[in-house]
Amino acid sequence: MRTNRSFQSIEEVLDNMKNKTNRTICLLLAFIAVFLLAGCGKKEPAEGEPAASTPAAAPAATPIDPATAATVSGTVKYDGVAPKPAKIDMSQDPNCKGSNAAENVVVSDDKLANVFVYVKEGLGNRTFAVPTAPVVLDQSGCKYHPHVLGVMAGQTVKIANSDPTTHNIHPTPKDNREWNESQAPQASALEKSFAREEILLPVKCNQHPWMKMYISVTKSPFYAVTGPDGKFEIKGLPPGDYTLAFVHEKLGEQDQKVTLGAKESKTLDLSFKP
């Protein structure tokens, strides 16, 4: 009897050892499997494909020394007999009240308004910070105010409706995204922006076909629009050689070269002919 118990004890010991060995092997295999899965989950870049990197930050604005900044200003004239403003028929909407004179050629005492003036060449690779303050475009008297608007690429355009009627704002760009959005009377302002440079981008109202204006989108803050007196001024330019473009919706474009020294102020006048 004692011998049988001894053999039984030895068999139990061997069984226990076998079970422990099996458990150890299982644990080891599980560990190896986890390790292999972790390695497979790590994606290696394909041959010739660069490893992923964080997006590049926007280039910092090129500093301009205000102590050397220059100014160019002048007057744009109309050389010829000023055309009489065409009359607009607004009778389709009784809520449209105000001036019904077209604004495609606005001349006062031989001075030409609504000419967009900007630095077309000469800034090189300089970059400029986008202004945080928006520019405002209003709709009043079923007309756009202003008729010509300048804005930097990426800057917010805040569009208001001061009329007691619904408008439909519809830019028709060539190089930017087209959109078409209605705006009820006294509704909250729309906030839009344009990503790429585009000069005299047309904007219309599908609700009122006579409503038209132009937004000029530039890469720099160096632009101006002539007022009723034909005057413009561009300040803060670094010294250098520049080409200024004068662009009008009906009369086309004229380019003028100008050289500005440090702290220099120059006058550049120009005339458009019909």
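Treat the numbers as computed from the prediction; the structure is a model and nothing was measured. Along the sequence shown, residues are numbered consecutively beginning with 1.
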Quick one: does Y78's side chain have a donor or acceptor within less than 3.5 Å of a partner on D109's backbone?
no
Tested for side-chain hydrogen bond (donor to acceptor under 3.5 Å, both in side chains) against H167, the lone hit among H208, Q207, Q183 is H208
Does E181 come within less than 4.0 Å of K192, counting only side-chain N to carboxylate O?
yes
If you measure from the SG of C142 to the SG of C205, is it under 2.5 Å?
no
What one should report as the nearest heavy-atom pair of Q155 and S193 is O-CB, 3.4 Å
Kindly assign one of parallel, tilted or perpendicular to the pair H248 and F272, based on the angle between their ring planes and the thresholds 30° and 60°.
tilted
Ion pair D255/K120, N-O distance below 4.0 Å:
yes
Strictly distance-based, threshold 3.5 Å: is any side-chain N or O of D269 a donor or acceptor partner for the main-chain N or O of T75?
yes
Taking atom types as modelled, find out whether S271 and K77 have a side-chain donor-acceptor pair closer than 3.5 angstrom.
no
Are V151 and V148 connected in a single hydrophobic cluster, I mean Ile/Leu/Val/Met/Phe/Trp/Tyr linked by side-chain heavy atoms less than 4.5 Å apart?
no
Decide, yes or no, whether a salt bridge links K219 with E198 under the criterion of side-chain N to carboxylate O below 4.0 Å.
no
State yes or no: are the ring centers of Y118 and F222 separated by less than 6.0 Å?
no
Working for side-chain hydrogen bond (donor to acceptor under 3.5 Å, both in side chains), residues N114 and H147:
CA-CA 7 Å; N114 296 325; H147 182 68; 4.8 Å; no
Please walk me through it: do N100 and D89 pass side-chain hydrogen bond (donor to acceptor under 3.5 Å, both in side chains)?
CA-CA 7 Å; N100 63 346; D89 181 8; over 6 Å; no
Does any N or O in the side chain of D229 come within less than 3.5 Å of the main-chain N or O of K231, such that one atom is a donor and the other an acceptor?
yes
